[in-house]
Amino acid sequence: RLMRKRLIILSVLALFVAGASAQQDTLKYRISLRDKAATVYSLERPEQFLSEKAIARRQKQNLAIDSTDLPVCRKYIDEIRRQGVNIVVAGKWENFVTVSCNDSTLINRIAALPFVRTAEKVWTAPKMNEGTRVATRDSVINEPKIYTDSIYGPAITQIQLSNGDKLHDAGFKGKGMTIAVIDAGFHNLDKITAMRNIRVLGVKDFVNPQADLFAESSHGLSVLSCIGMNRPDIMTGTAPEASFWLLRSEDEYSEHLVEQDYWAAAVEFADSVGVDVLNTSLGYYAFDDKSKNYKYRDLDGRHALMSRQASHIADKGMVLVCSAGNSGMGAWKKITPPGDAENVLTVGAINKQAVLAPFSSIGNTADNRIKPDVVAVGEGADVIRTDGNQGKANGTSFSSPIMCGMVACLWQACPRLTAKELIELVRTSGDRADYPDNIYGYGVPDMWKAYNSYKQKK
């Protein structure tokens, strides 16, 4: 059900997290700010506020460093903190600070500050009997089936449908590419022998920095396996030689807007550590507070914080690949934010015969852009489970990472492309590119065809 979750946005300024006191707070609010007028930084000296890797990526793609790159003003953050609240995260691209407290009257004081635009409640603590659970580990077996006929094992079809295996055969397996998997948890990853050689650069939890990412949800584990598996006798993923940052923004214990704040913070962190491609198999349209539920008209890429944040990603030189949603058989039916964002690849689900999975969410966006962008296997997708063995899984949660890995390999093969050019190349290689629709989008991309068209133009 992860696809239903709204994400909360956490910021690179997670160093402001107020530790244990914030954990006991029962309310969280997103404070949107009017400007960055009190900044101590200058766009002429980006090295003071952007990492080397973030600057290098922008320079390589001729992307301007602009005011969205400037940190949230420290003066504003300090003034907000002085009102008696704890800082949870801050997001610079959309210029907000998320705070926690127990007293909602403090928020009225904050809302009255001259630099504050709006204040919105984004989280209420679950009732005691709902929110208390101890993370227990699934048992590990570590006896996956051995395959001798293909290095991909059971996962052969899910890469062959898009000719991603031909990119691998040509030497493009994701080496040198960095992928962020922003998800809910990576249960037992540290205990699964078949996944030991996945190159994990680091992990970070934006929901609860004290939590154990490897004891939380199993969702991110299966998502990661689709991309990163690199055991030729067991399973090979779509980008087996890539490097990974594992980031948690999804709080499975409740469904609140704040997860989008965590997500925003995770994305900005990914920018800072030099990520190229991001996968997020998360999406939100219904919340515990029903008054926050989205409507179809909100799917314009600008309404949800997550969608606004996602729409910045290509402007920073990164590509976001996200799941379309699993609402095709329900009353909602439509894609879920951030899948409505501009300049992202939103991935629907098909089966291994390239027929649409009935649960796959459909488009278009409210402003009539084509969604989903493309489709990949998400019905009967092959994954690694928490016991360390192979298994099947259903959901656009898996079509997204299967596509994400191939996108990373394609970018490795076509290094001169900007993020937006890469997204366009993937779309135009789809088998429905001439007549895209709101069900399959541009269809099943042909990664080998995409690579060859790049070579011809070079």
Side-chain angles (χ1 to χ4, degrees), residues 1-2 133-161 164-165 168-169 173-175 179 181 183-203 211-246 248 250 252 279 281 323 349 351-352 357 376-406 408-409:
R1 291 289 159 191
L2 266 184
R133 76 214 81 213
V134 181
T136 53
R137 292 281 199 130
D138 293 350
S139 53
V140 179
I141 300 170
N142 280 331
E143 293 176 3
K145 189 176 172 190
I146 302 298
Y147 289 79
T148 53
D149 53 341
S150 162
I151 64 162
Y152 298 99
I156 177 71
T157 310
Q158 62 199 38
I159 189 167
Q160 274 184 341
L161 271 176
D165 54 322
H168 288 189
D169 292 344
K173 298 182 181 179
K175 190 170 189 176
I179 299 173
V181 179
D183 218 286
F186 301 86
H187 197 93
N188 281 350
L189 176 62
D190 54 341
K191 296 183 174 181
I192 294 174
T193 51
M195 300 180 83
R196 281 210 177 128
N197 63 348
I198 296 178
R199 188 156 182 248
V200 177
L201 300 178
V203 301
D212 177 3
L213 220 63
F214 303 129
E216 291 293 338
S217 165
S218 63
H219 189 265
L221 175 87
S222 296
V223 166
L224 174 65
S225 72
C226 295
I227 318 175
M229 278 298 292
N230 191 17
R231 286 293 300 273
D233 51 344
I234 294 167
M235 178 175 159
T236 297
T238 50
E241 293 180 2
S243 303
F244 296 89
W245 276 93
L246 309 180
R248 178 179 176 228
E250 162 68 14
E252 283 203 297
N279 183 82
S281 291
S323 43
N351 64 19
K352 289 184 176 176
V377 173
E379 184 178 350
D382 289 281
V383 302
I384 299 295
R385 298 208 168 281
T386 53
D387 61 3
N389 296 349
Q390 299 102 333
K392 303 278 184 194
N394 291 334
T396 56
S397 282
F398 310 105
S399 57
S400 181
I402 288 168
M403 182 55 57
C404 176
M406 291 189 276
C409 295

Heavy-atom pair with the smallest gap, counting every atom of N279 and S400: OD1-OG, 2.7 Å

Note, L189 side chain near L246 side chain (heavy atom, < 4.5 Å): yes

Pair K173-N230, side chain to side chain contact (heavy atoms under 4.5 Å, CB included): steps then yes or no: CA-CA 10 Å; K173 298 182 181 179; N230 191 17; over 6 Å; no

Nearest heavy-atom neighbours spanning G164 and M406: CA-SD, 3.8 Å

Short side-chain donor-acceptor distance under 3.5 Å, R231 and N197: no

Worked verdict on I198 versus F244 for side chain to side chain contact (heavy atoms under 4.5 Å, CB included): CA-CA 8 Å; I198 296 178; F244 296 89; 3.7 Å; yes

Candidate pair T396 and S281, rule side chain to side chain contact (heavy atoms under 4.5 Å, CB included), full reasoning: CA-CA 7 Å; T396 56; S281 291; over 6 Å; no

Any donor-acceptor N/O pair, S399 side chain to V377 backbone, under 3.5 Å: no

Flag side-chain contact, heavy atom, 4.5 Å: F186 against V200: no

Gap separating the CD atom of E379 from the CD atom of Q158, nearest 0.5 angstrom: 12.5 Å

Step-by-step side chain to side chain contact (heavy atoms under 4.5 Å, CB included) determination, D382 to Q390: CA-CA 7 Å; D382 289 281; Q390 299 102 333; 5.8 Å; no

For the student: nearest non-hydrogen atoms of S397 and S323, plus distance: N-CB, 4.0 Å

Donor-acceptor pair, side chain of D233 and main chain of Y147, under 3.5 angstrom: no

Option among T238, I234, T157, D165 that satisfies the side-chain contact (heavy atoms from CB on, under 4.5 Å) test with Y152: D165

Minimal non-hydrogen separation, A194 against M229, with atom names: O-CE, 3.6 Å

Considering all heavy atoms, the nearest I179-A408 contact: CD1-CB, 3.8 Å

Test applied, side-chain contact (heavy atoms from CB on, under 4.5 Å); reference residue, S217; option that passes from E250, H187, E252: E252

V383 side chain near C226 side chain, heavy-atom distance below 4.5 Å: yes

Close side-chain approach of V203 to W245, heavy-atom, < 4.5 Å: no

Test item: R248 side-chain N/O and D183 main-chain N/O as donor-acceptor pair under 3.5 Å: no

Sub-4.5 Å side-chain heavy-atom contact between D149 and I156: no

Within 6.0 Å of NZ in K352, more than 12 heavy atoms from elsewhere: yes

From H168 atom NE2 to I159 atom CD1, the distance as rounded to the nearest 0.5 Å: 4.0 Å

Backbone of E143 reached by a side-chain donor or acceptor of N389 within 3.5 Å: yes

Check: N188 side chain, T386 main-chain N or O, donor-acceptor pair, under 3.5 Å: yes

Considering all heavy atoms, the nearest T193-N142 contact: N-OD1, 3.2 Å

Pair D190 + R137, salt bridge at N-O below 4.0 Å: yes

